[in-house]
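Treat the numbers as computed from the prediction; the structure is a model and nothing was measured.
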Amino acid sequence: MKERFHHRLERSRAPSLKNWDRQPRADHAIGEPASVDCGWGRLLFGQTFTDLKALARTLQDERTGRRDVALYLNDPHVVLSYAPQDLFLDPSHTFRLWFERYQSCQRRAKGFVVRLLNSQADAEAIQRLYISRRMVPPSADFIWDQRTSKVLNYWVAEDVQDATILGVVNGVDHSAAFSDPENGASLWALAVDPQAPYPGIGEALVRQVIGYYLARGRAFLDLSVMHDNTSAIRLYRKLGFERIPAFALKNKNAFNEPLFMGRQPEAALNPYASIIVDEARRRGIFIEVIDAESGYFALVLGGRRIVCRESLSELTNAVAMSRCDDKAMTHRVLKRAGLRVPEQTRYEALDQAEAFLSKLGSLVVKPARGEQGAGISVDIRDPKMLEHAIAAARRVCDAIILEEFVAGDDLRIVVIDYQVVAAAIRRPAHVIGTGQHNIRDLIQAQSRRRRAATGGESSIPTDSETERCVRQFGYEMKDILPAGEYLQVRKTANLHTGGTIHDVTAELHPDLAEAARAAARALDIPVTGLDFIVPSVTGPEYVIIEANERPGLANHEPQPTAERFVDLLFPQTLFREDGS
């Protein structure tokens, strides 16, 4: 590959390269095998290894918890032959962008900026984002240490509204790493927050990396992408990247297992079941898929076999499950336990419902049984809205609950084995105006992004409830939303109707944590997701509105929800601080 592209590289070399070459390089002598520690693992430059057996041994020396990659191999089949039990050919494509062909874009990103890493807080946010995307994360300290590196660089996409980190990418300068005669660079570990409200974050990050290395006189930028990641490949081709015949080898470790084992029966499970199955497999627990479509599986270790439906297991008895399934029953149990709950009554007749509305001013109308936000209408203020809300709830369940509407943040607290494991604020679905698209189009575009990021689990319905919410804020679905304007399009914060979730475990007030533990004990349920309404997660005030017997543990990464769930089911596999 080196000889094939050599004539292009000489032509692309920029005058500024002379000064750049005087900068410090990685610890590498000419003629020695080259590698770069990227935090998630080592990037081994296969073209610098003259001894292919030594390259195989170097890959086999991968540290626990890392994910080394050997790229640019002239003879990957030969390297593989030296360790066929330990190594495998990565099913990714390598793409290259020749900078001489790059067409820059003058369109500016809206709602966010892309910049270099510049604080320890950035490093910690980057680590959290990688964990939430189930990628091998470098430590925050490692990331922060790269701020002055000439070899490894990090860029972040930052929300201009609240400085939230929405995306990250890192680049490796091959010339700075090992005097690369091809004068190249590569892009790695691109991740975008699936809840980011703005389009184009991934493209903006890639263009930033391109611009950075182009300005430093590099000849090209390479990247590796899974062969079936069609959306990413479409973006890279749009930017001018082309396939090149470069192949990578990796180790057969637990993290890479899906890549070399092929499609397993549990691959059809949804994200809420998969996160548990992945943790169980890591501990050597056998997985038996019973019904993938409904999320049923069994975990088996020794003589113990436990059937689960996502996070609902046989350890939750039928009585406890029924207490959560019936929202009115949940309300009574929690109230008797001395916990604060909103005022509530069952719907009996329209005039009775209107009298309850007149008394409280604003109501929540919901089916007595149901999940995923179906049939729930929030902040109902007049009789006409009330009648429509009752009809919507009745389509889900004949029994209907009328409940006091309490303003505040929607807080989900996950309790496992009567201990608080995670807490997150859930925010209703919203869109941000472009000044060019109508609200219906914005909702559909945001919904496509949410579906892609959640494996189809989250989307914004364009139904009468969404239309009601949009009208309540003074708009119609056909209206053009002004650029930069925020519009909430649902009242409930349920993730299945397009809501987003934001971890606040570290900020949770002790009184809220104690109320969650007390609620789980009152319901006598070992795993539950409790829905609170709070003025602030840092204060003691709350009401509890629901309990969920099957909380979505995948929604709370990077908190160790799956780990604590498997601890509960198989305590003998619990990992202790001493490593035992």
Side-chain angles (χ1 to χ4, degrees), residues 1-2 4 26-28 31-96 130 133-138 142 151-152 170 172 174 177-178 180 182 184 186-191 222-229 232-233 243-267 277-284 287:
M1 185 169 65
K2 186 188 304 180
R4 183 181 304 167
D27 185 16
H28 171 261
E32 288 185 358
S35 67
V36 172
D37 184 355
C38 296
W40 39 260
R42 295 171 299 171
L43 173 57
L44 307 178
F45 292 91
Q47 75 272 42
T48 67
F49 284 77
T50 56
D51 184 345
L52 298 187
K53 186 178 290 187
L55 175 53
R57 285 198 301 268
T58 303
L59 265 175
Q60 288 174 295
D61 289 339
E62 178 183 75
R63 285 163 48 194
T64 302
R66 306 292 287 270
R67 196 183 191 193
D68 292 347
V69 181
L71 190 59
Y72 306 112
L73 303 167
N74 293 323
D75 297 305
H77 55 296
V78 176
V79 182
L80 190 59
S81 72
Y82 290 121
Q85 302 303 316
D86 295 334
L87 307 180
F88 72 98
L89 190 64
D90 183 50
S92 294
H93 294 323
T94 304
F95 280 81
R96 174 168 292 181
Y130 281 141
R133 302 303 288 151
R134 301 191 189 182
M135 300 167 71
V136 176
F142 176 91
V151 175
L152 192 64
N170 73 263
V172 175
H174 300 181
F178 65 100
D180 179 19
E182 293 185 304
S186 55
L187 178 153
W188 298 89
L190 173 65
D222 288 349
L223 56 83
S224 180
V225 59
M226 285 299 299
H227 69 96
D228 56 357
N229 190 347
I233 290 172
R243 280 277 308 277
I244 63 170
F247 303 96
L249 289 180
K250 293 179 180 176
N251 277 288
K252 292 180 179 177
N253 57 34
F255 193 90
N256 289 328
E257 187 173 323
L259 302 180
F260 63 83
M261 287 295 291
R263 184 176 175 85
Q264 301 297 299
E266 58 265 27
V277 163
D278 290 345
E279 176 61 21
R281 183 192 295 109
R282 189 181 69 82
R283 301 191 191 194
I287 296 111

Could you grab the distance from atom OG1 of Thr48 to atom CZ of Phe178, nearest 0.5 Å is fine?
6.5 Å

Answer yes or no: is there a side-chain heavy-atom contact under 4.5 Å between Arg243 and Ile233?
no

If we ignore angles and hydrogens, is there a donor and acceptor under 3.5 Å between the side chains of Arg67 and Asn253?
no

Can you see which heavy atom on Val136 is nearest to which on Gly65, and at what distance?
CG1-O, 3.5 Å

Which pair of non-hydrogen atoms, one from Tyr130 and one from Ala189, has the smallest distance, and what is that distance?
OH-O, 2.7 Å

Which atom pair, heavy atoms only, marks the closest approach of Arg281 to Asp278?
NH1-OD1, 3.2 Å

Between Lys252 and Asp86, does any side-chain N to carboxylate O distance fall below 4.0 Å?
no

Whether Arg42 and Asp61 form a salt bridge (side-chain N of Lys/Arg under 4.0 Å from carboxylate O of Asp/Glu) is what I want to check.
no

Rounded distance (nearest 0.5 Å) linking atom CG of Asn251 with atom CG of Leu87
5.5 Å

Going from CG on Asp75 to CG on Leu80, what distance comes out if it is rounded to the nearest 0.5 angstrom?
12.0 Å

Among Leu187, Ile244, Val225, which one satisfies side-chain contact (heavy atoms from CB on, under 4.5 Å) with Phe95?
Val225

Closest non-hydrogen contact found for Ala177 with Val36 is CB-CG2, 3.7 Å

What heavy-atom pair brings Leu43 and Cys38 nearest, and what distance separates the two atoms?
CB-SG, 4.1 Å

Nearest 0.5 Å, what's the OH-CG distance between Tyr82 and Leu59?
14.0 Å

Just by distance, do the side chain of Ser92 and the backbone of Ser224 share a donor-acceptor pair under 3.5 Å?
no

Looking at Leu73 and Gly46, what are the two nearest heavy atoms and their distance?
CD2-CA, 3.7 Å

Can you label the angle between the His174 ring and the Tyr72 ring as parallel, tilted or perpendicular, going by 30° and 60°?
perpendicular

Any chance you could measure Leu44, atom CG, to Thr58, atom OG1, to the nearest 0.5 Å?
6.5 Å

What distance do Asp68 atom CG and Trp40 atom CH2 have between them, rounded to the nearest 0.5 Å?
8.0 Å

Backbone of Val277 reached by a side-chain donor or acceptor of Arg282 within 3.5 Å:
no

Are Ser186 and Leu71 packed together at the side-chain level, in the sense that at least one heavy-atom pair is separated by less than 4.5 angstrom?
no

According to the interplanar angle, ranging from 0 to 90°, do the rings of His227 and His93 count as parallel (below 30°), tilted (30 to 60°) or perpendicular (above 60°)?
perpendicular

